[in-house]
There are 2 protein chains.
Amino acid sequence: MSFETHRCLAKHTPIYFAGDDAGELIKVTKGVVSVFCIFEDGRRQIVDFVTEGELLHFQFGGELDHYAEALTDVELVCAPVNAALSDTAWAEYVFEQMRNRLDRERRHITLLGQKSAAERLAEFLIIVSERLTTPLGDIELPMTRQEIADYTGLTIETVSRMFSRWMRERRLVVTGKRTYRIEGALAA
Amino acid sequence: MSFETHRCLAKHTPIYFAGDDAGELIKVTKGVVSVFCIFEDGRRQIVDFVTEGELLHFQFGGELDHYAEALTDVELVCAPVNAALSDTAWAEYVFEQMRNRLDRERRHITLLGQKSAAERLAEFLIIVSERLTTPLGDIELPMTRQEIADYTGLTIETVSRMFSRWMRERRLVVTGKRTYRIEGALAA
DNA sequence: GAACAGCCTTGATCAGCATCAAGAATGACC
DNA sequence: GGTCATTCTTGATGCTGATCAAGGCTGTTC
């Protein structure tokens with residue numbers, strides 16, 4: 001599309017801040033981005049890990065009210081809101097992405113509202129495994145323990161303890177630098 | 001619109017179940033509806049309280065994956081998905097409603113992920129007060145303590161205790177059968 | 001390969017909320 | 001107005017996960 005622009009960013013680079021102009025839609029074509037909110041007191045809630053083919057936000061004007069940051073090296077395609085929504089293919093894509101995000105957010109809500117630490121992390125791994133797998137079928141976790149904690153509403157220590165336990169019990173196996181495989185039921 | 005149908009339901013009536021056909025969009029024109037998920041073990045997570053002018057769900061085909069139930073007497077307008085999305089006014093309305101829901105769900109995620117019981121309930125009251133106020137400006141709470149608990153991820157006892165405390169401290173005042181007024185800062 | 005920074009792990013203790021339990025208030029129905 | 005079911009409140013106790021603290025691992029830089 002003529003109105004699209006491309007950007008490449010190195011890992012850990014901020015993509016936008018709350019308060020930035022929401023004039024363009026941003027699609028991730030490579031890598032993983034974390035989308036999050038920050039409170040006055042420094043607490044952070046990661047709302048989504050956005051992967052290839054997905055849009056970062058759905059604000060079509062005004063100011064952005066949250067943050068996005070590259071977790072890995074990323075490639076992005078940006079499109080001005082008006083041009084994108086006037087283009088049939090883009091508009092349909094945006095629509096579909098909104099539906100997907102609604103579903104993921106709902107799932108995230110149930111994860112946070114009703115589940116124990118073990119259940120949250122098991123569900124987190126399942127959610128990630130549906131979107132971030134190696135060709136061999138292993139789960140990729142490009143995020144740090146802190147980021148997992150900020151997604152699941154737990155602390156870094158609890159995340160670490162749970163992973164350690166599952167690895168000790170051979171329910172979760174490390175298969176590479178940042179890849180894992182689930183070998184048994186995690187829920188317990 | 002010719003393709004719209006109207007329904008009136010008494011309070012506590014189920015509107016749809018998970019597994020039902022997602023063939024029509026449903027708009028609330030009067031009353032309040034709770035939208036929720038249920039787990040195998042009976043735990044329930046209320047995802048949203050849907051009020052006048054809002055859509056219940058955004059599934060445009062297949063089977064619904066959650067539940068909806070009238071909290072109060074309600075009036076609904078239903079429209080077949082295809083007819084609605086072909087109609088410009090409806091399509092724009094659906095789009096706008098999806099954006100609103102995305103924002104509310106994100107807010108709900110931060111409420112559940114990062115906050116203490118007091119903070120959750122304070123935030124819950126603020127969210128509700130933005131959409132359910134009497135002409136006098138009081139907050140309407142048509143939902144039970146259990147429903148508030150299932151929305152905030154707390155137990156009914158914790159909700160009750162927090163409300164009692166705020167009422168004892170005159171931060172929250174009962175102004176009617178199901179109406180309240182916030183008199184001071186709740187967060188503490 | 002030594003030094004350093006960032007990330008992760010593990011243990012000990014603590015606090016907030018859940019759970020368990022009992023009774024009070026509210027409202028519906030005859 | 002009395003009875004019953006439902007909802008709400010309040011207290012006592014316990015558990016899960018947070019907090020505090022210390023040390024280990026990994027990777028980078030010179």
Side-chain angles (χ1 to χ4, degrees), chain A residues 10-13 34 39 41-46 69 71-73 111-125 141-169 172 174 176-180 186-188, chain B residues 10-13 34 39 41-46 69 71-73 111-125 141-169 172 174 176-180 186-188:
Chain A
K11 68 169 73 168
H12 304 140
T13 312
S34 79
F39 302 96
D41 60 5
R43 281 178 292 185
R44 178 176 69 157
Q45 176 65 48
I46 293 183
E69 183 178 308
L71 277 190
T72 63
D73 293 345
L111 179 158
L112 293 169
Q114 299 294 330
K115 299 188 186 260
S116 68
E119 289 173 318
R120 289 186 198 199
L121 287 168
E123 174 82 359
F124 161 78
L125 286 173
L141 295 184
M143 60 291 284
T144 64
R145 295 282 187 268
Q146 185 63 60
E147 284 154 348
I148 296 172
D150 288 346
Y151 181 89
T152 54
L154 301 167
T155 59
I156 187 175
E157 293 95 332
T158 300
V159 174
S160 184
R161 268 185 255 272
M162 205 58 71
F163 276 33
S164 296
R165 200 184 95 197
W166 284 336
M167 282 158 64
R168 205 182 318 124
E169 296 169 348
L172 188 64
V174 180
K177 217 175 183 39
R178 292 205 162 277
T179 63
Y180 298 80
L186 296 181
Chain B
K11 68 170 72 170
H12 304 140
T13 312
S34 78
F39 302 97
D41 60 4
R43 282 179 291 185
R44 178 177 68 158
Q45 176 64 49
I46 294 183
E69 183 178 309
L71 277 190
T72 64
D73 293 345
L111 180 157
L112 293 169
Q114 299 295 330
K115 298 188 187 263
S116 68
E119 289 173 319
R120 289 186 198 200
L121 288 167
E123 175 83 0
F124 162 77
L125 286 173
L141 294 184
M143 60 290 285
T144 64
R145 294 281 187 268
Q146 185 63 61
E147 284 155 349
I148 296 172
D150 288 346
Y151 180 89
T152 54
L154 301 168
T155 59
I156 187 174
E157 294 95 332
T158 300
V159 174
S160 184
R161 269 184 254 271
M162 205 57 71
F163 276 33
S164 295
R165 199 184 94 198
W166 284 337
M167 284 158 63
R168 204 181 319 122
E169 296 169 349
L172 188 65
V174 179
K177 218 175 182 40
R178 291 204 162 278
T179 62
Y180 297 80
L186 296 181

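We name chains A, B, ... by the order of the sequence lines, and we start the count at 1 in each one.
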Between [N] atom [atom2] and [X] atom [atom1], what is the distance in whole Å?
X: Leu121(A); N: dT16(D); atom1: CG; atom2: P; result: 15 Å
X: Gln114(A); N: dT16(D); atom1: CD; atom2: P; result: 17 Å
X: Lys11(A); N: dG27(D); atom1: NZ; atom2: C1'; result: 11 Å
X: Met167(B); N: dC8(D); atom1: CE; atom2: P; result: 12 Å
X: Ile156(A); N: dG11(C); atom1: CD1; atom2: C1'; result: 16 Å
X: Glu119(A); N: dA18(C); atom1: CD; atom2: P; result: 14 Å

Side chain of [X] only, heavy atoms from C-beta on: which candidate in [options] is closest?
X: Glu157(A); options: dA12(C), dA21(D), dA12(D); answer: dA21(D)
X: Thr155(B); options: dG17(D), dC8(C), dT19(C); answer: dT19(C)
X: Arg145(B); options: dC8(D), dC17(C), dT10(C); answer: dC8(D)

- Message: Between Gln114(A) and Gly153(B) (side chain of the first, backbone of the second, donor and acceptor by atom type, cut-off under 3.5 Å), is there such a pair?
- Response: no
Minimum heavy-atom distance between [X] and [Y], given as atom pair plus value:
X: Gln45(B); Y: Tyr151(B); result: NE2-O, 3.3 Å
X: Arg145(B); Y: Val159(B); result: CD-CG1, 3.7 Å
X: Thr152(B); Y: Leu121(B); result: CG2-CD2, 4.0 Å
X: Arg120(B); Y: Leu111(B); result: CG-O, 3.6 Å

- Phosphate OP1/OP2 of dT26(C) contacted by Lys177(B) side-chain N/O (<4.0 Å): no
- Message: Please confirm whether the shortest side-chain N or O distance from Thr158(B) to OP1 or OP2 of dA18(C) is below 4.0 Å.
- Response: yes
- Item | Sugar-phosphate only, base, or nothing, as touched by Ser164(A) at under 4.0 Å among non-hydrogen atoms | sugar-phosphate
- NA contact type, Thr144(A), heavy-atom cut-off 4.0 Å: base, sugar-phosphate, or nothing? sugar-phosphate
- Is there a donor and acceptor pair closer than 3.5 Å between the side chain of Arg161(B) and the base of dG11(D)? yes
